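One structure is given here, and the rest of the page talks about it.
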Number of protein chains: 2
Amino acid sequence: MTASRAFRHSNLVAQATRDRVLVAATELSYVPNLLARGLVQNCTATVGVVVLELANPFFIPMVSAIESIVSKRGLLVITGESGRDEGKERQYVEQFQQFRVGGIIVSPTSSRLDHLAAVRASGTPVVVMARQWEHGDYVATDDAMGGRLVAEHLLRRGHRRIGLVRREDPSHDPVRDRVLGFRRTLAAAEIKVPDEWDIRVPGSQIAHGVEAVERLLLASERPSAIFVTSDRMALGVVNRLLEQGIRVPEDVVVIGYDDIPYAACARVPLTTVAIPVHLLGEISAGILLSRLDGAARAEPSRVLLSPELVIRASCP
Amino acid sequence: MTASRAFRHSNLVAQATRDRVLVAATELSYVPNLLARGLVQNCTATVGVVVLELANPFFIPMVSAIESIVSKRGLLVITGESGRDEGKERQYVEQFQQFRVGGIIVSPTSSRLDHLAAVRASGTPVVVMARQWEHGDYVATDDAMGGRLVAEHLLRRGHRRIGLVRREDPSHDPVRDRVLGFRRTLAAAEIKVPDEWDIRVPGSQIAHGVEAVERLLLASERPSAIFVTSDRMALGVVNRLLEQGIRVPEDVVVIGYDDIPYAACARVPLTTVAIPVHLLGEISAGILLSRLDGAARAEPSRVLLSPELVIRASCP
DNA sequence: ATGAAAGCGCTAACAC
DNA sequence: GTGTTAGCGCTTTCAT
């Protein structure tokens, strides 16, 4: 018992005794068993995090920020990648519960969040990241606004023949909202993106941007502007356009989304929408920690961050 | 007891009984407690991973590959970021042990690996990633060879006035080995990098590349070629050179290292050294799994992967 | 095919 | 400031 107290830095143990315990522990190369503690307390000093993709510059800063913040409190981070598969997401959340993590941060695949509500109801704090959540804490960005910023910029520059490249992913609201805000703003100026310039690709890698251009160039005419819903794809779009002898921005302007660090170093530096990804992680972690500190019954925190247009050479 | 068996799909339980158990479990919204199991078995279905930086395109594919492979076996991944701080690295490894992880994969900060030897001796499998390890399993790349490839290419192109930009990090062997192989090959051609062209910066971000150029341009003369030990920095180097009106590759050629996906989309597409980062993670995970499958006492696996020169516009 | 008993290493609650 | 007791939920072992 005294040993247990010594290890937890309880002040109910004399300094001398504590020292003796610690010395003995070293001699015996004793390693505390956090599982046993977790069993008793029905909770461990861990945070489970599920994102759509680990190897994605959109999510990396979030995971990194979370890790950095919670590790300062001695919490470990368990990561999971759902790969946009709702089943996998559920599985991770369930597995986290089986391990009795202290809290969970999820960037959900779809807007069906009932499994998260259940977890929350069972007492484990849950924060939804990069998407809104009616029934609990979330930290998201205003994606419709981001889409609007893009459209407004294009309209200001006088573009009317506008194309769109986006990941085919009906359930992923953020992209849907970007497109929604974009379309709505264009519609107000009586502009519509024709179907042949509305390209959907199956992923958001650089290569998918390349693929998108190939399909876009099959159209009878060429747009004067292209909105690409992620910078990674936009990099591929610009590269492929240049390879085809189409100049950016002289012949076609391109606007991306996310403002990844590489956007400024691109073949043609990208005009894009910056979202505070690091903040998303930071604030999510902060909310989770406050829940762990006992704010369990407080009202849900609803945080909506604003994106910003960053103007560079690809659409000056 | 029967319930326990039912959950582990033991075939010592009748199908009918199993079904009844599972139904009852759902009704009671029972969640198995993996901590209790871990307490009994003194080991959990988890893998601890420590890397120098999570938000680094060098490590991301490794973590992602590890996650993808071990998750197929139902193992969770606990991630830690040492930030090149040996103390933090040790702390993570210790914490992993306290949680009785099944195995550990570390990309170590320094070449002092005694703490890992101790862990291994205590029975937890350890794989060292991206660095060689005399006393245990490792998966690394031949960094000296990478440096040699760069030097050979520059020599072939007739460069003799050569600069070097690298992260200041004496303990990080990979960078040291790149520089070593590079220098040795140049020395064989009786070329030396003068001190004023040997720039050390405190980090490996894009911004540190920018900083490096500023310091390089203070030198009395300008080199005709620059080797930058990571692509992220090289992106900053190229950007800054162009901003200064110095053309790449006409005035100065630049060679990077890592071949991150963005290298091909850079302002000037980067000539660089490709390292199979995904394989590093994949093979590390494979070795760890084989250890968990009982190959505990087998000889250490020593895997050394070869880098490849990728020639693009920044040094054709 | 099922169950009973014991114990994994810890902490909460309660003595002293 | 220190020790005792009990029990967290599971698996191992042994019995039936």
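What you see is a predicted model, and the numbers here were worked out from it, not measured in a lab. Within every chain, numbering begins at 1; the chains are lettered A, B, ... in the order of the sequence lines, protein sequences first and strands thereafter.
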Please encode protein proximity along nucleotides 7-16 of chain C as a string of B, S and -, counting only heavy-atom distances under 4.0 Å. BBBBBBB---

For a quick test of reading the model, state the closest non-hydrogen atom pair linking Ser204(A) to Asn56(A) and the distance between them. OG-ND2, 4.4 Å

Contacts of Arg18(B) that satisfy side-chain hydrogen bond (donor to acceptor under 3.5 Å, both in side chains) - sequence neighbours left out: none

Heavy-atom contact window of chain B on DNA chain D, given 5' to 3' at under 4.0 Å: dG9(D) to dT12(D)

For a quick test of your reading: what N or O donor-acceptor pairs under 3.5 Å do the side chains of residues 298-307 of chain A make, sequence neighbours left out?
{"unit_1": "Arg302(A)", "atom_1": "NH1", "unit_2": "Glu134(A)", "atom_2": "O", "d": "3.2"}
{"unit_1": "Arg302(A)", "atom_1": "NH2", "unit_2": "Glu134(A)", "atom_2": "O", "d": "3.2"}

The salt bridge (Lys or Arg N to Asp or Glu O under 4.0 Å) partners of Arg112(B) (sequence neighbours excluded) come to Glu86(B), Asp114(B)

Would you tabulate the side-chain donor-acceptor contacts of residues 120-131 of chain A under 3.5 Å, counting partners in other chains and residues two or more places apart, or write 'none'?
{"unit_1": "Arg120(A)", "atom_1": "NE", "unit_2": "His135(A)", "atom_2": "O", "d": "3.4"}
{"unit_1": "Arg120(A)", "atom_1": "NH2", "unit_2": "His135(A)", "atom_2": "O", "d": "3.0"}
{"unit_1": "Ser122(A)", "atom_1": "OG", "unit_2": "Gln97(A)", "atom_2": "NE2", "d": "3.3"}
{"unit_1": "Ser122(A)", "atom_1": "OG", "unit_2": "Val119(A)", "atom_2": "O", "d": "2.7"}
{"unit_1": "Arg131(A)", "atom_1": "NE", "unit_2": "Pro108(A)", "atom_2": "O", "d": "3.4"}
{"unit_1": "Arg131(A)", "atom_1": "NE", "unit_2": "Ser110(A)", "atom_2": "O", "d": "3.4"}
{"unit_1": "Arg131(A)", "atom_1": "NH1", "unit_2": "Asp173(A)", "atom_2": "OD1", "d": "3.4"}
{"unit_1": "Arg131(A)", "atom_1": "NH1", "unit_2": "Asp173(A)", "atom_2": "OD2", "d": "2.6"}
{"unit_1": "Arg131(A)", "atom_1": "NH2", "unit_2": "Pro108(A)", "atom_2": "O", "d": "3.4"}
{"unit_1": "Arg131(A)", "atom_1": "NH2", "unit_2": "Thr109(A)", "atom_2": "O", "d": "3.0"}
{"unit_1": "Arg131(A)", "atom_1": "NH2", "unit_2": "Ser171(A)", "atom_2": "O", "d": "3.3"}

Listing request: all ring pair (Phe, Tyr, Trp, His ring centres under 6.0 Å) pairs with a residue in residues 31-76 of chain B, at least two apart in sequence or in separate chains. none

Salt bridge (charged side-chain N to carboxylate O under 4.0 Å, His left out): pairs with one or both residues in residues 42-63 of chain B, sequence neighbours excluded: Glu53(B)-Arg84(B), Glu53(B)-Arg232(B)

Mind checking what makes side-chain hydrogen bond (donor to acceptor under 3.5 Å, both in side chains) contact with Arg73(B), not counting sequence neighbours? Asp293(B)

For the helix from dA1(C)-dT16(D) to dC16(C)-dG1(D), how many degrees between its two end axes (five pairs per end), to the nearest 10°? 30°

Would you tabulate the side-chain donor-acceptor contacts of residues 21-40 of chain B under 3.5 Å, counting partners in other chains and residues two or more places apart, or write 'none'?
{"unit_1": "Thr26(B)", "atom_1": "OG1", "unit_2": "Leu22(B)", "atom_2": "O", "d": "2.7"}
{"unit_1": "Asn33(B)", "atom_1": "OD1", "unit_2": "Leu35(B)", "atom_2": "N", "d": "2.8"}
{"unit_1": "Asn33(B)", "atom_1": "OD1", "unit_2": "Ala36(B)", "atom_2": "N", "d": "3.2"}

Excluding sequence neighbours, so at least two apart, what forms side-chain hydrogen bond (donor to acceptor under 3.5 Å, both in side chains) with Thr17(A)? none

